[in-house]
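In what follows, chains carry the letters A, B, and so on, assigned in the order in which the sequence lines appear, proteins first and then strands, with residues in each chain numbered from 1.
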Amino acid sequence: MRKGRACARCTPWCSRGSSMAERDLPRGRIVDILARGEPGTAVRVEGWVRTRRDSKGVTFLELNDGSCLANLQAVVDAASPVASAAAAASTGSSLVASGRLVASQGQGQRVELVPAALTLLQAAPPDYPLQKKRHSFEFLRSIAHLRVRSNTFGAVARVRNALFYATHRFFQERGFIFLQAPIITASDAEGAGEMFRVTTLDLERLAREAGALDWHADFFGRKAGLTVSGQLEAEVYALAFHDTYTFGPTFRAENSNTTRHAAEFWMIEPEIAFADLADNRALAEAFIKTVIGQTRETCAEDYAFFEQRIEPGLLAKLDGLLNAPFETITYSEAIGLLEAAGEPFEFPVAWGHDLQSEHERYLAEKKIGRPVFVIDYPKDIKAFYMRMNDDGRTVAAMDLLVPGLGEIIGGSQREERLEPLRARMAALRLPQEEYDWYLDLRRYGTVPHAGFGVGFERLLMYVTGMQNIRDVIPFPRTPGHVEF
RNA sequence: UCCCCGAUAGCUCAGCGGUAGAGCGGGUGGCUGUUAACCACUAGGCCGCAGGUUCGAAUCCUGCUCGGGGAGCCA
């Protein structure tokens, strides 16, 4: 209770325009009102005006509280005591409206609200940037603090939330232990990407003074940075708990300027013990299908919006993914398919070279037409920790390629044998002393294990049809951009 | 980081050497229930910044800044 005169269930400001009975009403969420509200029921809604339409005798307000995509229509007769408040309720205004639900006389909504009380908390001025018209995503990016009030970004936020929840639920229901991997780490030699430096050194002073840096004087006594992956720590947990996963923010200081890269993103990294690459693939496929299937159910209205406005064919694409097994081909087979394709690729196709974006797109979109695992890559183009295959020249890696996006998952079976791992690290000149704890996992009770990483935002892009990662992160961080 | 493209009204864009335009949005008025409402009127501009060419530049040239797309890196 913030004011003595206000009742316990009431916001203090609503006493300006509402009777005691109305103030006693519990707040109704618009999603519930639209789904289950019965005519005759008294409700109170708190939200923002999306748009107002006036006729001679009646004003319509579209109210949104973020609980769902759809708006609740409030109908205010010209003779109503709240008519003047309704007339001032411009697009973007905040208000509290109390009244009874009635069956709608018009098309497009089952019930609507006839407010007996309408408290305009603030009438938004006419320069409210998010007017009732189409805006480009580029413009909306410049007002990230307001764009979440738009249909598209509201839908993205709700699906993002549902996907986050579905991810934890998937692993929790299977007994995985959630590892909160460290954000600050000294490990940067995985080749996963450039690290952001974490330091308490006085950089301005150091810039003025010539001389070599003494990292021992820094906070941690050595170079430290923001994590680029929680995988190595996840292996620790897998070798204690059998199944584990990390799901947290991940940072890459690469100067990447694309629709698929951000400097700060969220990554899901499961790690499973007593498991090989086939187990890993099965887990990845089950994960993708389960979380997409669940969010399809919980966010049906938002998905319908994405189908209609963002990517026509989206629902058929997702249904196709849910209903067919993922394909699996080896890297060598992929090279064969690309060589036989007869496509004018810009980059040459040759065994030993990594697959380019155009190659991945051809495989996922044209040749296979659905998600496909590419496995068993040449060892020289993959990370040191991947398990050597018996042929001695490929490793047990897997990339999941999806149409329209490319690589969405990267993973592998890990090299669990001490000597092959040490030999690989030596060949790559990795400082073994820094990985002693990692090697210990191979010394004490090692077991075959595997895992993969999912770019959470890339998955979100795939399921929503949004084509730019900057539009599926609330406040995206990319080179030169750290606003909001 | 590289390669393309762009920058004109609040937003989306047209104009491409000779007086600054449209649609949407905003404002005002009208309209017996609208829902991308509709109709009429209206306000709104250092044409990204700085140089240059020209009698004359939003328009052509150069540099810079910012934005977008593609590539690489990768999730």
Only one of A/T51, A/N151, A/N71 clears side-chain hydrogen bond (donor to acceptor under 3.5 Å, both in side chains) with A/N64; which? A/N71
Does the plane of the ring in A/Y331 sit parallel, tilted or perpendicular to the ring in A/W351? Use 30° and 60° as the thresholds. perpendicular
On the 0 to 90° scale, with breaks at 30° and 60°, tag the A/H135-A/F139 ring pair as parallel, tilted or perpendicular.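 Answer is tilted, since the angle falls between 30° and 60°.
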Between [X] and [N], does any side-chain N or O lie under 4.0 Å from OP1 or OP2?
X      : N     : value
A/K132 : B/A37 : yes
A/Q107 : B/U34 : no
A/N468 : B/G69 : yes
A/S136 : B/U12 : yes
A/H135 : B/C24 : no
A/R53  : B/A37 : yes
A/S357 : B/G72 : yes
A/T259 : B/G70 : yes
A/R361 : B/A71 : yes

Quiz item: [X] side-chain donor-acceptor pair to [N] base, under 3.5 Å:
X      : N     : value
A/R252 : B/A75 : yes
A/H261 : B/C74 : yes
A/E112 : B/U35 : no

Is the aromatic ring centre of A/F265 closer than 5.5 Å to the centre of the six-membered base ring of B/A75, with the two planes inclined by less than 30°?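 Ring-base stacking flag set for A/F265 and B/A75.
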Using atom [atom1] of [X] as one end and atom [atom2] of [N] as the other, report the distance to the nearest whole Å.
X      : N     : atom1 : atom2 : result
A/D127 : B/C11 : CG    : P     : 12 Å
A/E346 : B/G70 : CD    : P     : 14 Å
A/L130 : B/A36 : CG    : C1'   : 15 Å
A/R52  : B/G25 : CZ    : C1'   : 14 Å
A/E271 : B/A75 : CD    : P     : 14 Å
A/K133 : B/U35 : NZ    : C1'   : 19 Å
A/K56  : B/U34 : NZ    : P     : 16 Å
A/Q131 : B/A37 : CD    : P     : 12 Å

Is there a Watson-Crick or G-U wobble partner for B/A9 with both distances under 3.5 Å, and if so, which one is it? none
On a whole-Å scale, what distance lies between the [atom1] atoms belonging to [N] and [M]?
N     : M     : atom1 : value
B/G18 : B/A57 : P     : 11 Å
B/G44 : B/G10 : P     : 12 Å
B/U8  : B/C49 : C1'   : 15 Å
B/G27 : B/A43 : C1'   : 7 Å

Do A/R174 and A/Y245 have side chains that get closer than 4.5 Å, going by heavy atoms?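 They are not in side-chain contact.
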When we call it a touch if two heavy atoms are under 4.0 Å apart, what does [X] touch: a base, just sugar-phosphate, or nothing?
X      : answer
A/E138 : sugar-phosphate
A/R470 : sugar-phosphate
A/F139 : sugar-phosphate

Sorted by chain and number, sequence neighbours left out, side-chain hydrogen bond (donor to acceptor under 3.5 Å, both in side chains) with A/S67 holds for A/D65
Identified side chain to side chain contact (heavy atoms under 4.5 Å, CB included) partner of A/E112 from the options A/L101, A/V102, A/L34: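 That would be A/V102.
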